[in-house]
K.L.:
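Structure incoming, see below.
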2 protein chains.
Amino acid sequence: MGTVSKALKLLSYFAPDRTEVGLSDLTRLSGMNKATVYRLMGELQESGFVEQGESDRAYRLGPQVLHLAALREASTPILSVSRRVLRELSDETGETTHVSLGHETHVQTLSHAYSPSHATKVTMDDAQTVTYHATSSGLAILAYADPEFVEQVLSQPLEAHTSMTLVDPNDIRTKLAAVRETGLSDTLGSFELEVHSHAVPIFGADRRAIGALAVAAPASRMSPEQQETIRAALRRAGAALTHRIGGSPPADYPQDVPA
Amino acid sequence: MGTVSKALKLLSYFAPDRTEVGLSDLTRLSGMNKATVYRLMGELQESGFVEQGESDRAYRLGPQVLHLAALREASTPILSVSRRVLRELSDETGETTHVSLGHETHVQTLSHAYSPSHATKVTMDDAQTVTYHATSSGLAILAYADPEFVEQVLSQPLEAHTSMTLVDPNDIRTKLAAVRETGLSDTLGSFELEVHSHAVPIFGADRRAIGALAVAAPASRMSPEQQETIRAALRRAGAALTHRIGGSPPADYPQDVPA
DNA sequence: AGCAAATGGTTCATTATTTGAACCGTTGGT
DNA sequence: ACCAACGGTTCAAATAATGAACCATTTGCT
């Protein structure tokens with residue numbers, strides 16, 4: 001692994017529940033030498049990717065990441081566009097909605113929206129990191145990913161988040177084939193019990209799945225009619241989002257609801 | 001300069017008007033060896049900081065920057081908070097407003113809002129990079145920055161964007177003292193002719209100026225009354241933004257409008 | 001108060017990585 | 001058919017990264 005990758009890997013230890021990390025923590029988490037971490041963080045700091053607290057000297061993500069994100073948004077406005085799509089989809093379905101992006105080994109939540117129509121709802125954090133195999137979003141992305149990439153993900157240890165999580169690679173391959181039939185994935189309690197989640201893939205300009213749009217509802221509220229509402233709304237919203245970021249679905253993506 | 005800094009420097013060549021950059025362009029822009037750039041970009045790509053187009057193989061900023069920005073926003077919500085503040089400030093003043101962050105050598109626009117009340121308005125891009133010495137935002141930040149930092153900025157060549165730009169370091173030091181008197185800076189045509197811009201600094205938790213909030217109006221519309229409206233609105237909005245991101249102004253910051 | 005352990009930070013000889021000139025194979029223009 | 005520019009690749013030489021041991025403060029415990 002090159003030096004640059006090591007430095008960037010240090011950034012990945014920031015998480016919603018760990019927004020500040022000290023030097024020793026980073027050393028332990030990364031397994032690198034303390035002097036190495038210190039120097040790398042120093043370079044990241046010079047470039048504005050992290051900043052250091054005055055008192056405790058813990059590292060935080062710096063303003064430079066906002067600048068780069070604004071720049072990325074200027075060319076491919078996923079965030080700003082998805083915010084509107086999420087709002088509409090939440091209003092339409094009455095449930096919590098979110099968009100996620102597929103990364104090398106994990107799926108990352110980018111943004112979410114709640115519906116005010118129910119007191120009980122699935123709660124979310126932005127910037128959450130979740131697994132491919134246990135979430136409807138992850139499965140939606142995998143279903144339209146390169147076969148090699150799928151195998152790479154399935155070759156890693158698959159954690160059982162709940163008793164409902166699919167952990168057998170063959171079960172997952174079967175599931176992915178089913179997802180491809182309809183262009184839509186769903187999971188019941190496989191990431192968190194009592195949560196029934198539906199997702200559709202979002203495609204980029206190169207017709208590859210870059211992320212997913214999902215609706216997460218309490219399982220208790222999921223009637224067949226509600227499910228049909230969600231599926232229809234999700235299909236429409238997904239197509240809209242794909243289109244509005246300049247992407248297009250692959251030729252084999254189901255355009256209509258299959259019989 | 002360490003390897004990591006070199007890699008991160010490559011990211012700085014992305015700009016609103018250059019969202020895709022090829023290998024040769026990067027080599028020229030950075031002055032580094034082509035093989036070096038290639039390897040560094042490869043590492044940045046592996047970590048998701050950039051991605052490559054299928055056809056032309058040009059590099060774009062990758063989805064990882066969105067993830068980091070979402071993470072930073074979760075702990076210090078400048079962006080989401082400032083959006084609301086900007087909206088209100090634009091409605092109140094009837095002019096274009098924007099927030100910027102102070103960086104090592106430049107000032108970067110993060111977000112902006114327009115007012116619908118006039119047909120002519122100052123137009124903006126997000127993620128624009130501008131100079132410290134020629135903008136009201138830059139001067140507002142400098143006025144509350146460490147003296148060493150001010151000297152560092154003033155020791156570099158100061159470009160005259162227009163005939164009105166202050167380029168003599170002594171003139172700028174005098175200007176900064178005047179800004180400290182009122183806690184508010186303004187420039188008339190020093191970045192772009194015909195634009196009259198007002199700005200207040202935004203302070204972080206450590207009471208240092210991290211950025212600025214600004215109102216940019218066509219010079220032709222700037223009457224003494226309009227100016228007073230803007231100053232008052234800007235002071236209130238700046239205090240609100242500083243407060244809502246968990247920051248506080250330094251002890252010597254003028255709290256009330258001076259006599 | 002006094003101690004022990006953990007923290008951030010620093011040093012410097014050893015080591016491993018980065019570097020750059022020259023080299024392919026392709027593509028697009030004339 | 002040519003030339004120039006592109007992305008990508010190679011390998012010996014040069015340089016930068018590394019890690020064990022060290023110091024100074026801070027924190028937590030008795």
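First the proteins, then the strands, lettered A, B, ... as listed; each starts at 1.
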K.L.:
I'd like to know if A:E20 pairs up with A:R57 as an ion pair, taking the criterion as any Lys NZ or Arg NE/NH1/NH2 lying under 4.0 Å from an Asp or Glu carboxylate oxygen.
P.N.:
no
K.L.:
Go through the N and O atoms of the side chain of B:K34 and the base of D:dG7, and report whether any donor-acceptor pair is under 3.5 Å.
P.N.:
yes
K.L.:
Tell me whether the side-chain N/O atoms of A:T36 come closer than 4.0 Å to OP1 or OP2 in D:dA17.
P.N.:
no
K.L.:
Looking at C:dA21, D:dG8, C:dG8, which one has an atom nearest to any side-chain atom of A:R57?
P.N.:
C:dG8
K.L.:
Of the nucleotides C:dT19, C:dT7, D:dT9, which one has an atom closest to the side chain of A:S24?
P.N.:
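When the side chain of A:S24 is considered, C:dT7 is the closest of C:dT19, C:dT7, D:dT9.
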K.L.:
Could you tell me whether the phosphate oxygens of C:dT10, OP1 or OP2, come under 4.0 Å of any side-chain nitrogen or oxygen in A:Y38?
P.N.:
yes
K.L.:
Ignoring backbone atoms, test whether A:R28 places a side-chain nitrogen or oxygen under 4.0 Å from the OP1 or OP2 oxygen of C:dT7.
P.N.:
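Answer yes for this pair, as a side-chain N or O of A:R28 is under 4.0 Å from OP1 or OP2.
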K.L.:
Roughly, in whole Å, what's the span from CE in B:M32 to C1' in D:dA16?
P.N.:
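Checked: the CE to C1' distance equals 15 Å.
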K.L.:
Over how many whole Å does the gap from B:L26 atom CG to D:dA5 atom C1' extend?
P.N.:
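That distance rounds to 16 Å.
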K.L.:
Hey, are B:Q108 and B:S100 close enough side-chain-wise for a donor-acceptor pair under 3.5 Å?
P.N.:
no
K.L.:
Would you kindly compare A:T3 and A:D25 by the position of their nearest DNA chain C nucleotide and give the one closer to the 5′ end?
P.N.:
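The residue mapped nearer the 5' terminus is A:D25.
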K.L.:
For the pair made of CE in B:M1 and C1' in C:dT18, what is the distance, rounded to whole Å?
P.N.:
14 Å
K.L.:
Is any NZ, NE, NH1 or NH2 atom of the basic residue among A:E151 and A:R173 found under 4.0 Å from an Asp or Glu carboxylate oxygen of the other?
P.N.:
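A:R173 and A:E151: salt-bridged.
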K.L.:
Judged by each residue's nearest nucleotide on DNA chain C, which is more toward the 5′ side, B:L40 or A:A35?
P.N.:
A:A35
K.L.:
How close or far is atom P of C:dA21 from atom CZ of B:R39, stated in whole angstroms?
P.N.:
15 Å
K.L.:
Ignoring hydrogens and angles, state whether a donor on the side chain of A:H161 or A:E192 is under 3.5 Å from an acceptor on the partner side chain.
P.N.:
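No, A:E192 and A:H161 have no side-chain donor paired with an acceptor closer than 3.5 Å.
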K.L.:
Can you tell me how the ring of A:Y253 sits relative to the ring of A:F203, calling it parallel under 30°, perpendicular over 60° and tilted otherwise?
P.N.:
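It falls in the perpendicular class, over 60°.
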K.L.:
Between B:L23 (CG) and C:dT26 (C1'), how many Å, whole number?
P.N.:
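B:L23 atom CG is separated from C:dT26 atom C1' by 14 Å.
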K.L.:
How many Å lie between CD on B:Q45 and C1' on D:dG8, as a whole number?
P.N.:
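Rounded to whole Å, this separation is 13 Å.
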K.L.:
Expressed in angstrom and rounded to an integer, what is the separation of B:D56 atom CG from C:dT27 atom P?
P.N.:
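Rounded to the whole Å, the gap is 14 Å.
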K.L.:
Atom CG of A:N33 and atom P of D:dA21: how far apart are they, to the nearest Å?
P.N.:
11 Å
K.L.:
Please confirm whether the shortest side-chain N or O distance from B:Q52 to OP1 or OP2 of D:dG8 is below 4.0 Å.
P.N.:
yes
